[in-house]
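One structure below.
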Amino acid sequence: MSLVVFPFKNEDPEILIRNVKIALSHPRVEEVLCVGASEDRCFVALAKARPTLEKEHGKPVKVMVQERIGVLRPGKGDGMNTALQYFLQETNHRRLHFYDADIVSFSQEWISKAEEGADQGFDVVRHYFPRASTDAMITWFITRTGFALLWPKSALPWIEQPLGGELLLTRPAAKGLLEEERVRRQSDWGIDTLYTFTMVKHGCSLYETYIGVGKLHKLYGALTDLKTMLIECFAAIQSLRREEIPQLGTHRVEYPGPVSQQVREKVGYDVEGSLPLLTEGWSQEEESLLAVLPKKVRTGMQACRSFPKFGFMDEEAWYATYAALLEHFEPSSPHWHDLLFRLWLARTLNYTVNHALRGYDHALHYLHQMVGRYVNRALGR
Ligand code: GDX
Ligand code: MN
């Protein structure tokens with residue numbers, strides 16, 4: 001009754017094939033679809049393994065290149081939307097599961113837990129995991145912050161991992177997503193934001209299921225690797241800023257379990273290596289954009305040109321900065337890209353030094369409370 005989809009780009013084929021086998025072995029799964037960004041090395045390896053996989057499991061396995069559906073950078077959004085289209089137009093399966101292709105801790109439990117949520121009647125099931133206190137810096141400072149500022153009354157700010165690529169959609173929920181033009185346009189990293197926003201806007205009931213083993217996957221080195229993702233995730237939220245969310249759907253979150261020592265001690269990024277990114281490569285144009293930011297932030301960022309500084313970018317300063325960015329950021333301007341990255345980096349470093357340093361429990365509590373304070377502030381309380 002279910003289709004499992006893995007979008008992929010330049011992944012290790014061994015890991016992906018292993019994940020395909022896990023999915024095929026699950027009794028609820030009738031078919032697996034892998035949507036590649038192009039005919040890369042991983043695609044070729046997978047296409048070669050396909051007949052054997054089908055024979056061993058007696059279930060169809062499809063391998064395809066994503067279609068050009070959207071209008072932004074062709075990325076994961078085109079991959080996911082290609083899968084939605086296939087699911088709705090070419091099959092009769094009742095449910096669709098998405099999983100990232102690079103997960104090494106994937107197991108049948110992920111599928112079972114999502115199916116259980118859907119069996120309870122939820123339209124959408126999203127997986128969430130324990131994450132290191134310095135991981136998920138886009139989620140906390142871009143996505144959840146933006147959701148709190150713009151839609152404080154909705155479930156959006158309270159969704160644990162709004163950018164997660166692991167989720168189950170029932171057929172009506174999938175149909176609702178693909179029918180929205182702005183979802184189809186979003187071919188880049190903004191797709192997760194658009195899916196999350198749209199399912200809440202449509203009033204889908206949402207269950208978040210907790211996966212205690214966590215998501216072990218390919219790691220990023222420097223924070224610069226995240227720059228494109230950061231820009232596309234912010235631009236996606238900005239594009240929605242005039243939208244209203246009329247109704248409140250049910251939102252239930254499974255209670256989390258104890259967090260492993262490994263996750264509690266993990267350092268999410270290279271702090272020392274990130275410091276020069278605050279000072280290097282300022283252009284005249286970038287500097288002139290500081291004019292629209294709050295005074296304290298403007299002065300702080302100007303000082304960064306000669307020495308890395310971030311003490312000024314506290315919770316309050318970030319709220320005001322974010323509001324200014326929503327109004328002034330230009331998605332097509334490379335100078336705005338550079339400045340957004342630097343502002344976010346200053347916020348990330350400020351949080352790391354003032355909160356992450358105090359230990360895992362303090363840090364996670366702080367981040368959740370921060371979202372709550374932003375919600376209250378946005379409501380004018
Ligand atoms: N078809 C297709 N086309 N798949 C892609 C493309 C693309 O252009 N780019 C990336 N992918 C796949 C990739 O192979 C992997 O399976 C998944 O998408 C996620 O990419 P990854 O490089 O592993 O990113 P990361 O940081 O682990 O992703 C997480 O954050 C993203 C986000 O914040 O936007 C993850 O939760 C993603 O699902 C989420 O989109
Ligand atoms: Mn990954």
Side-chain angles (χ1 to χ4, degrees), residues 4-20 23 32-43 45-46 62-70 72-86 97-106 110 126-129 131-132 134-147 159-169 183 186-197 208 211 214-237 268-269 344:
V4 167
V5 177
F6 297 98
F8 69 97
K9 178 179 175 178
N10 294 326
E11 295 299 347
D12 176 345
E14 255 181 62
I15 293 171
L16 177 50
I17 290 169
R18 185 179 157 269
N19 290 341
V20 170
V32 171
L33 166 66
C34 301
V35 185
S38 66
E39 288 193 29
D40 58 21
R41 195 179 67 88
C42 183
F43 183 98
L46 198 62
K62 297 265 160 26
V63 183
M64 58 170 82
V65 172
Q66 67 192 36
E67 280 177 39
R68 184 62 177 135
I69 297 172
L72 304 173
R73 182 186 64 82
K76 183 173 176 249
D78 274 345
M80 292 181 85
N81 285 335
T82 299
L84 277 193
Q85 207 169 277
Y86 174 82
H97 296 239
F98 278 113
Y99 298 105
D100 281 2
D102 64 332
I103 307 175
V104 294
S105 53
F106 187 63
W110 296 45
R126 310 182 54 102
H127 299 72
Y128 84 104
F129 325 95
R131 302 194 63 179
T134 47
D135 217 356
M137 296 291 94
I138 298 181
T139 295
W140 286 109
F141 298 126
I142 298 294
T143 313
R144 293 187 70 168
T145 294
F147 284 168
I159 295 177
E160 279 295 327
Q161 283 159 21
L163 298 179
E166 296 73 31
L167 68 167
L168 174 153
L169 302 169
V183 167
Q186 199 77 39
S187 45
D188 61 7
W189 286 121
I191 193 63
D192 305 287
T193 306
L194 264 289
Y195 277 18
T196 302
F197 176 85
E208 295 193 72
I211 306 285
K215 173 171 156 183
L216 306 174
H217 63 130
K218 195 179 59 198
L219 275 187
Y220 289 100
L223 282 179
T224 33
D225 294 347
L226 287 172
K227 191 172 172 186
T228 308
M229 202 182 267
L230 163 74
I231 292 158
E232 293 178 355
C233 289
F234 179 79
I237 294 208
Y269 69 95
W344 167 79

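Whatever order the structure lists ligands and atoms in, that order sets their numbers, starting from 1.
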task = May I ask you to check whether Gly165 has an N/O atom sitting below 3.5 Å from an N/O atom of ligand 1?
result = yes
key: Minimum-distance atom from the Mn ion (ligand 2) among N, O or S atoms of His217   = ND1
Under-4.0 Å salt bridge between Glu166 and Arg126 = no
task = Could you list which atoms of ligand 1 come closer than 4.0 Å to a heavy atom of Gly75?
result = 3 (N), 7 (C), 8 (O)
ask   = So, Lys9 and Asp40, do they make that salt bridge, N to O below 4.0 Å?
value = no
Shortest reach to atom 40 (O) of ligand 1 by a heavy atom, considering only Thr82, Asp78, Asp192, Leu230 = Asp192
message = Tell me whether ligand 1 is touched by Met80 - counting only heavy atoms on the residue side and a distance under 4.0 Å.
response = no
N/O donor-acceptor pair under 3.5 Å between Thr143 side chain and Pro162 backbone = no
remark   = ligand 1 to Glu11, heavy atom cutoff 4.0 Å, flagged ligand atoms 13 (C), 14 (O), 15 (C), 16 (O)
key: Enumerated ligand 1 atoms positioned under 4.0 Å from heavy atoms of Gly36   = 1 (N)
request  = Determine which of the N, O or S atoms in Asp102 is closest to the Mn ion (ligand 2) and give its atom name.
outcome  = OD2
inquiry  = Does any N or O of ligand 1 fall below 3.5 Å from an N or O anywhere on Asp102, backbone included?
reply    = yes
request  = Check ligand 1 against Gly164 and write out every atom of the ligand that is under 4.0 Å from a heavy-atom position of the residue.
outcome  = 36 (O)
request  = Name the option, out of Asp100, Leu167, Val35, that contains the heavy atom nearest to atom 29 (C) of ligand 1.
outcome  = Asp100
inquiry  = Using side-chain heavy atoms (C-beta onward) and a distance below 4.5 Å, is Trp344 in contact with Ile138?
reply    = yes
query = Which bit of Lys76 is near ligand 1, meaning a heavy atom under 4.0 Å away: side chain, backbone, both or neither?
reply = both
Distance-only N or O hit between ligand 1 and Gly79, under 3.5 Å = no
ask   = Applying a 4.0 Å heavy-atom criterion (strictly less than), which segment of Lys9 is in contact with ligand 1: side chain, backbone, both, or neither?
value = both
message = Please classify the His217 to ligand 1 contact at 4.0 Å (heavy-atom distances, strictly less than): side chain, backbone, both or neither.
response = side chain
message = One residue to check: Lys218. Relative to ligand 1, which of side chain, backbone, both or neither has a non-hydrogen atom less than 4.0 Å away?
response = side chain
query = Of the backbone atoms (N, CA, C, O) and the side-chain heavy atoms from C-beta on, which set of Lys215 has a member under 4.0 Å from an atom of ligand 1: side chain, backbone, both, or neither?
reply = side chain
